[in-house]
There are 2 protein chains.
Amino acid sequence: MIGQRTTRQRTAIAALLDEVDEFRSAQQLHALLAARGETIGLATVYRTLGAMADADELDTLRTDSGQSLYRRCERQHHHHLVCRRCGATVEVGGAGLESVVKAVAAAHGYTDVTHTLELFGTCTRCTRL
Amino acid sequence: MIGQRTTRQRTAIAALLDEVDEFRSAQQLHALLAARGETIGLATVYRTLGAMADADELDTLRTDSGQSLYRRCERQHHHHLVCRRCGATVEVGGAGLESVVKAVAAAHGYTDVTHTLELFGTCTRCTRL
DNA sequence: GCCGCTAAAGAGATTAGTTCTCATTACCCT
DNA sequence: AGGGTAATGAGAACTAATCTCTTTAGCGGC
């Protein structure tokens with residue numbers, strides 16, 4: 001992470017993230033920590049989440065209203081396919097997607113390219129309802 | 001737009017957007033207007049841009065830092081490859097991208113899929129600087 | 001061309017989310 | 001146990017955007 005020390009606060013945040021598997025905002029996580037008796041500064045939550053995201057330990061995405069959401073992730077680059085009715089999330093991605101994106105960018109001479117991609121749809125279950 | 005009146009301010013904003021073909025933030029547009037002697041309130045710029053975006057007269061996108069950018073748009077589905085230094089924008093998209101995305105979604109049984117995709121990179125010119 | 005209705009503008013306050021500052025605390029190595 | 005220093009916490013600051021409320025000015029009707 002940022003430095004190297006294992007603090008009570010970082011431990012608590014990591015533990016919480018292990019339990020929650022939906023995307024949550026920094027503020028929600030802060031409130032959840034408070035609810036279970038952990039007094040941790042909001043700034044610390046932001047710092048820790050930011051650091052974990054930098055270290056690719058977390059997935060982040062941005063809502064329409066500009067809020068950042070965080071969730072534990074499985075380390076490789078991927079995107080989300082989110083059901084717009086029930087919120088069920090599937091992680092997608094892989095060579096196909098990435099190479100097409102990379103090719104498009106390269107075709108225009110752009111370097112050092114990053115991308116954001118979010119898919120929204122209706123999942124199998126919700127389609128049946 | 002919101003109502004019906006053609007005001008000096010709306011005319012100026014529309015004219016500016018016709019000249020600029022890169023994505024610009026509301027604040028940048030406000031500054032550009034000020035630079036050319038138009039005194040228009042920031043709130044008015046936001047209101048007008050918001051209204052134009054609602055009316056599908058503008059393309060909008062969100063930067064990493066959560067800022068909204070606006071640009072006059074050409075109404076068909078496409079994505080943007082934006083230079084993170086100078087803002088130069090290329091419209092990309094086409095069968096390759098779309099079909100890969102569609103295939104991925106279909107593979108998970110999701111229907112009625114929409115997607116957002118933004119590419120950020122450094123353009124040829126800025127790479128040389 | 002003038003009047004009046006009311007949409008729209010402008011200034012500034014406000015909000016939401018996030019980041020920064022800096023004094024204090026507490027890891028962790030020896 | 002002691003000390004160096006990374007990390008924390010409280011609150012201020014910052015950024016982008018929105019809201020409030022008073023004032024201004026389109027525009028249709030006369």
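Atoms considered below: every heavy atom in the structure, side chains included; atoms not considered: hydrogens, waters and symmetry mates. Here is how names work: the chains are called A, B, and so on, in the same order as the sequence lines, proteins then strands, and each is numbered from 1.
- Spacing between atom NE2 of A:H30 and atom P of D:dT8 amounts to 13 Å, rounded to whole angstrom units.
- The nearest whole Å value for the distance from the CG atom in A:L49 to the P atom in D:dT8 is 11 Å.
- In this structure, A:E38 CD and A:T44 OG1 are separated by 12.0 Å, a value rounded to the nearest 0.5 Å.
- One finds no side-chain N or O of A:S25 lying less than 4.0 angstrom from the OP1 or OP2 phosphate oxygen of C:dG17.
- Of the candidate nucleotides C:dA9, D:dA7, D:dG9, D:dA7 has the atom nearest to the side chain of A:R10.
- Atom CG of A:L29 is separated from atom OG1 of A:T48 by 11.0 Å, given to the nearest 0.5 angstrom.
- Classification of the B:H115-B:H79 ring pair by plane angle, with boundaries at 30° and 60°, yields tilted.
- Candidate nucleotides D:dG9, C:dG10, C:dT18 were compared by shortest atom distance to the side chain of A:S68, and C:dT18 ranks first.
- Between C:dT21, D:dC27, C:dT18, one nucleotide has an atom nearer to the side chain of A:R47 than all others, and that is C:dT21.
- One atom, CG of B:L42, and another, P of C:dG12, lie 13 Å apart when rounded to the nearest Å.
- Within 4.0 Å (heavy atoms only), B:S65 reaches no atom of the nucleic acid at all.
- Side-chain atoms of B:R5 and base atoms of C:dA8 include no donor and acceptor less than 3.5 Å apart.
- Between the CZ atom of B:R8 and the P atom of C:dG10 there is a distance of 6 Å, given to the nearest Å.
- One interatomic measurement links the two molecules: OH of B:Y46 to P of C:dT15, which rounds to 18 Å at whole-angstrom precision.
- The CD atom of B:Q9 sits 7.5 Å away from the OG1 atom of B:T39 when rounded to the nearest 0.5 Å.
- Comparing B:L69 and B:Q9 by the nucleotide of DNA chain D that holds the closest heavy atom to each, the one mapping nearer the 5' end is B:L69.
- Distances shown here put a side-chain N or O of B:T7 below 4.0 Å from the OP1 or OP2 atom of C:dA9.
- Look at CD on B:Q67: it is 15 Å from P on C:dT18, rounded to the nearest Å.
- Between the P atom of D:dA16 and the OH atom of B:Y70 lies a distance of 12 Å, rounded to the nearest Å.
- Of the candidate nucleotides C:dT18, C:dG10, D:dG9, C:dG10 has the atom nearest to the side chain of B:I40.
- Within a 6.0 Å radius of CZ in B:R8, other residues, nucleotides and ligands contribute more than 12 heavy atoms.
- Of the two residues contacting DNA chain D, namely B:Q27 and A:T44, the nearest-nucleotide position lying further toward the 5' end is that of A:T44.
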